[in-house]
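Beneath this line is the structure, given in structure tokens, with notes to follow.
These figures come from a predicted structure and were not determined experimentally. Below, chain A is the first sequence line, B the second, and so on; all start at residue 1.
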There are 2 protein chains.
Amino acid sequence: MVIVETKRDRRAERRESTTSEILTAAWELAGTQGLAGLSLRELAQKIGMRPPSLYWYFDSKNAIYDAMFLQGNRQLLARMAEVDWPSDAKGILRVCARSFVEFCVEDSRRFQLLFQRTIPGFEPSPEAYAVAVEVVEQMRARLAAAGLHDPAAFDMLTALVSGIAAQQIANEPGGDRWVRLIDEMIDLCADHFISKEANREKA
Amino acid sequence: MVIVETKRDRRAERRESTTSEILTAAWELAGTQGLAGLSLRELAQKIGMRPPSLYWYFDSKNAIYDAMFLQGNRQLLARMAEVDWPSDAKGILRVCARSFVEFCVEDSRRFQLLFQRTIPGFEPSPEAYAVAVEVVEQMRARLAAAGLHDPAAFDMLTALVSGIAAQQIANEPGGDRWVRLIDEMIDLCADHFISKEANREKA
DNA sequence: GTCTATATCCAGATAGAC
DNA sequence: GTCTATCTGGATATAGAC
């Protein structure tokens, strides 16, 4: 039996660790200065580097935004994957809405980057965008699992949950004035859309 | 009979006209470069001025944002005032939601400035903020006229309509994929909240 | 009121030594 | 990999002539 040892690439490990350190610092700075106000000078200073050194890890400032965008979407995918999904339709919708809003209000800058997209010159790369699309597809699949196949129902629910998240973040960060309304609204929508689907199936 | 002629102050008129010309240009630039990317150089160039001349009209760049914020909120007040309000509860809610969303999707930059507030260092002045508060109060009064006095109902509806507007603007600007869902959702909410209020009154 | 000239500062990015 | 030094260009804002 031949054992092929996968040699640890310490260089790659180190590089990855520094890269992630930069991203962590970037998220923190975005929290204090505003996402759009992120500056490479401050970012470098925060981690004890000189600004040009950042370019060894990222091609440009937008590449940093891109990595953050990718990271945020992956976090959301991970979050959705670790959820304990109920089997009844209404339960699925509730859990889906709750996890999504929770994820959003946890970090307002991440919400801004992923879902508001108000950074001046930033457009996600195809690679990062693909992950964002995957997020949407996963959501759509969850709703389908709850019996909702109507695209309009999906659109309506995304507007609802992102609206709740946005209001909570903008008007009462850290609170639950809007978050606590989720269940009531989701139940209302669930009843409505599920009975609509049932009627359509009959026809 | 003594007639007191109110002398036209041509200087003030001219100043006001230039001021409003600057604001118009600012909105246009915001549309192409992004609101946060507005630059005084370009703004001045657009109206055939040199950058320093802008300071004759505004104290700072943020003062321009402030004037835009004020203008936007006044436009919304005006819009709400000229609406032909129905007398039935559901009709009021529909018209209120429709006019609001319509107002938002008309101009994504205005929506961003008024309701997303993602401009780095900008905070509205007390004077401008007061008008924003007035907008909210007017909305609240409309809902009260429709029989909805529950603050939670108000919060829910604001989340819903701003969520619809945001999704429409972000994902399909100029389209109606979300806008066309308003009536269905508002009817659903109207029935729900109105019957809740009725139950409360009984108790 | 508008200009020229300038101050001051900061941005992102690159070249090349070590 | 990280640095120093520097490029280039942008920003907002002010002083003072006309």
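A side-chain donor-acceptor contact under 3.5 Å links Ser162(A) to the backbone of Thr158(A). Although no hydrogens or angles enter the test, the distance criterion places a donor-acceptor pair under 3.5 Å between the side chain of Asp66(A) and the main chain of Ser125(A). At least one donor-acceptor pair closer than 3.5 Å links the side chain of Gln168(A) to the backbone N or O of Glu172(A). Remark: side-chain polar atoms of Glu197(B) are paired, donor with acceptor, to backbone N or O of Asp150(B) under 3.5 angstrom.
Heavy atoms of Leu38(B) sit under 4.0 angstrom from primed sugar atoms or phosphate atoms, though from no base atom.
Residues from residues 53-62 of chain B placing a heavy atom under 4.0 Å of any atom in DNA chain D, listed by number, are Tyr55(B), Ser60(B), Lys61(B).
dG12(C) atom P lies 16 Å from atom CG of Asp66(A), rounded to whole Å. Atom pair Leu29(B):CG and dG10(D):C1' shows a separation of 15 Å (rounding to whole Å applied). One atom, CG of Asp9(A), and another, P of dG1(D), lie 9 Å apart when rounded to the nearest Å. Between the CZ atom of Arg15(B) and the P atom of dG1(C) there is a distance of 7 Å, rounded to whole Å. The CD atom of Glu42(B) sits 16 Å away from the P atom of dG9(D) (whole-angstrom rounding). Remark: C1' of dG1(D) and CD of Glu16(A) are 17 Å apart, rounded to the nearest angstrom. At whole-Å resolution of the value, CG in Leu40(A) and P in dG9(D) are 19 Å apart. Atom CZ of Arg10(A) and atom P of dG1(D) are 13 Å apart (whole Å).
Of the inter-residue distances, the one linking Met156(B) atom CE with Cys189(B) atom SG reads 6.5 Å to the nearest 0.5 angstrom.
A salt bridge links Arg79(A) and Glu106(A); the closest N-O separation between the charged side-chain nitrogens and carboxylate oxygens is under 4.0 Å. Contact check on Arg180(A) versus Glu184(A) returns no salt bridge, with no Lys/Arg side-chain nitrogen under 4.0 Å from an Asp/Glu carboxylate oxygen.
Note on Arg50(A): a side-chain N or O is less than 4.0 Å away from OP1 or OP2 of dT4(D).
Within the structure, side-chain hydrogen bond (donor to acceptor under 3.5 Å, both in side chains) contacts touching residues 127-136 of chain B (residues at least two apart or in different chains) are Glu134(B)-Gln138(B).
Dense packing is recorded around CG of Asp176(B), with more than 12 heavy atoms of other residues, nucleotides or ligands lying under 6.0 Å away.
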Pairs under 3.5 angstrom, nitrogen or oxygen only, protein versus nucleotides 15-18 of chain D, please.
none

